[in-house]
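These values consider heavy atoms only, across backbone and side chains, with no hydrogens, waters or symmetry-generated copies. Lettering follows sequence order; numbering is per chain, from 1.
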Protein chains: 2
Amino acid sequence: MSRSLKHVEIREYVRGLVEGSAPGTAAPSERDLVDRFGVARMTVRQALDALVGEGVLERFPGRGTFVAGPRRTPTGVASFTEDMARRGMVAEARTLAAEHVVAGERLARALQVVPGTPVVHWRRLRMADGRVVCLSDAYLDHGRIPGLLDALPASLYVELGARGTRPTWAEDVLTAGIATPDEATLLEVPGGAAVLRHNRRALAGEVVVEVSRTVYRGDAYTMSLQLSS
Amino acid sequence: MSRSLKHVEIREYVRGLVEGSAPGTAAPSERDLVDRFGVARMTVRQALDALVGEGVLERFPGRGTFVAGPRRTPTGVASFTEDMARRGMVAEARTLAAEHVVAGERLARALQVVPGTPVVHWRRLRMADGRVVCLSDAYLDHGRIPGLLDALPASLYVELGARGTRPTWAEDVLTAGIATPDEATLLEVPGGAAVLRHNRRALAGEVVVEVSRTVYRGDAYTMSLQLSS
DNA sequence: TAGTGGTCTAGACCACGAA
DNA sequence: TCGTGGTCTAGACCACTAA
């Protein structure tokens, strides 16, 4: 039994008709859909309203309803793996540490846990197409990601997604600086090299799921951002 | 004559009722509004749909309609002046150059003009609370901002807003590097100091309104970003 | 002029939540 | 039980666009 609402049925019918069509292609008129489905016009409008809200269709009074062009979407919360994939590169990681540590004052506050709570610390050297790009330290509340250290995932965000806590919101801070001697060694750059530091607090809903510090080689990484309004 | 549509009148009435109310406060029920305005319920729903879409109200079936909590909004397209104001600091600028130049190949492509077009170049040293923070070079299509150089505004984006072409979309690229000797002199930092480079292409709708390169002192500027989804 | 989307009416039945 | 929002009907008139 796939009992479905009429406006949902109409919406999905139109979505199917329209997907793959070039922007500007005419969608069925509201009265066409009224005849086809034998419903009231308000019901058809409810279906089309949803598609217009999603950016699938555009309405032009007096002309009709048409397939909308692709919407520009601002940069979202992405992981290193996804960031590299978008550039057509393959991300790799070498785990340098995967351990439990006790959260100090600042880390505890950032992670929304009480100081002294055991926290997962995961340090990775990250590569893109085999070249060293950055060094990242991620901290996660152990209680919210049980067993993470037992089977380290290839992509943290994908793993969090599978657990239903993929970050939907991130508070990032970016600064430019000089690599410390340890960073320079790990990143394989000379002393005095420029690095891009990227600190993140990632939330899923209202819950902090990750606090991380990443140090990028200035000569091997550029950060791209699309911002709207 | 302020002939206004009924759903608009109801929407603004409810918006006025609700603004300043604590999140969770009950809004009038749909049937209350039907009685008060003497309209059909579909009209009331159209008004409330708009407020729900804006994030002003939330509906809970079986319970009612309530004032929504403040929405988290991702970082938008802001100018240096606005960026500093958000931190409670006062932005200042010292203009180092304000001139017409001829667009070369790359700049012309970025600005969507034909090579050889006269373009405005505006170089400023920027301060926050009196401290030097960055050096910025902005390029604008002279034809789209006539007279800009005759009366240099305090904030470029505010001026563009007044002309109806404030950027609504930005494509930013961030890198970390070492200050060149010239940059070091202007930014008042020693040789070898780290800088954050910020290149921007800002659009209003589909039109490129600004192409800029900004060099921030690594020790005097941190970039904050909020990202969603 | 014919067709389109925008607005609006005056009802109806339903599932759900709170009392 | 009563009030709420969710869904739906079968019309209507309007302004606008394109032919």
Ignoring backbone atoms, establish whether A/S29 has a side-chain N or O less than 4.0 Å from OP1 or OP2 of C/dG3.
no
Whole angstroms only, please: what is the CZ-P distance between A/R59 and D/dT17?
17 Å
Once you round it to whole Å, what is the distance between C1' of C/dG5 and CZ of A/F60?
12 Å
Heavy atoms of A/L156 and A/R124 approach each other most closely as CB-NH2, 4.1 Å
Could you list by number each residue of residues 12-26 of chain A showing a heavy-atom separation from DNA chain D of less than 4.0 Å, or answer none if no residue does?
none
Where is the tightest heavy-atom contact between A/V208 and A/R144, given as atom of each residue plus distance?
O-NH2, 3.1 Å
Encode nucleotides 14-19 of chain C as B, S and - characters from 5' to 3', where the letter depends on protein heavy atoms closer than 4.0 Å: B to the base, S only to sugar-phosphate, - to neither.
--BSS-
Compute the angle between the rotation axes at the two ends of the helix from C/dT1-D/dA18 to C/dA18-D/dT1, each taken over five pairs, rounded to 10 degrees.
10°
Would a 4.5 Å heavy-atom cut-off, applied to side chains only, mark B/L135 and B/R123 as touching?
yes
What is the distance, to the nearest angstrom, from the NE2 atom on A/H7 to the P atom on D/dT9?
12 Å
Test: A/E30 and A/R59 ion pair at under 4.0 Å
yes
Taking A/R36 for its side chain and A/I10 for its backbone only, find out whether a donor-acceptor pair lies under 3.5 Å.
no
Could you give the CD1-to-C1' distance, from B/I10 to C/dC8, as a whole number of Å?
10 Å
Might you confirm whether atom CD of B/E99 has over 12 heavy atoms from other residues, nucleotides or ligands at distances under 6.0 Å?
yes
Need to verify one output field. Residue with the more 5' nearest nucleotide on DNA chain D, B/E30 or A/V8?
B/E30
With sequence neighbours excluded, residues passing ring-ring contact (aromatic ring centres under 6.0 Å, His included) with A/H142:
A/H100
Hey, can you pull the residues of residues 36-56 of chain A with a non-hydrogen atom under 4.0 angstrom from DNA chain C?
A/R41, A/M42, A/R45
List the atom of B/A68, the atom of B/G55, and the distance in Å for their closest heavy-atom pair.
CB-O, 3.3 Å
Sequence neighbours excluded - ring pair (Phe, Tyr, Trp, His ring centres under 6.0 Å) pairs with any residue from residues 62-91 of chain B:
B/F60-B/F66
Answer yes or no: is there an ion pair linking B/R163 with B/E159, defined by an N-O contact shorter than 4.0 Å?
yes
To the nearest angstrom, the CD-P distance between A/E9 and D/dT7 comes to 14 Å
May I ask you to test the A/E206-B/R72 pair for a side-chain heavy-atom distance under 4.5 Å?
yes
Taking the side chain as every heavy atom from C-beta outward, state whether B/R126 and B/S136 have any pair of such atoms under 4.5 Å apart.
yes
In whole angstrom, what separates A/K6's NZ from D/dC8's P?
7 Å
Can you give me the closest heavy-atom contact between B/R201 and B/R109, atom names plus distance?
NH2-O, 4.2 Å
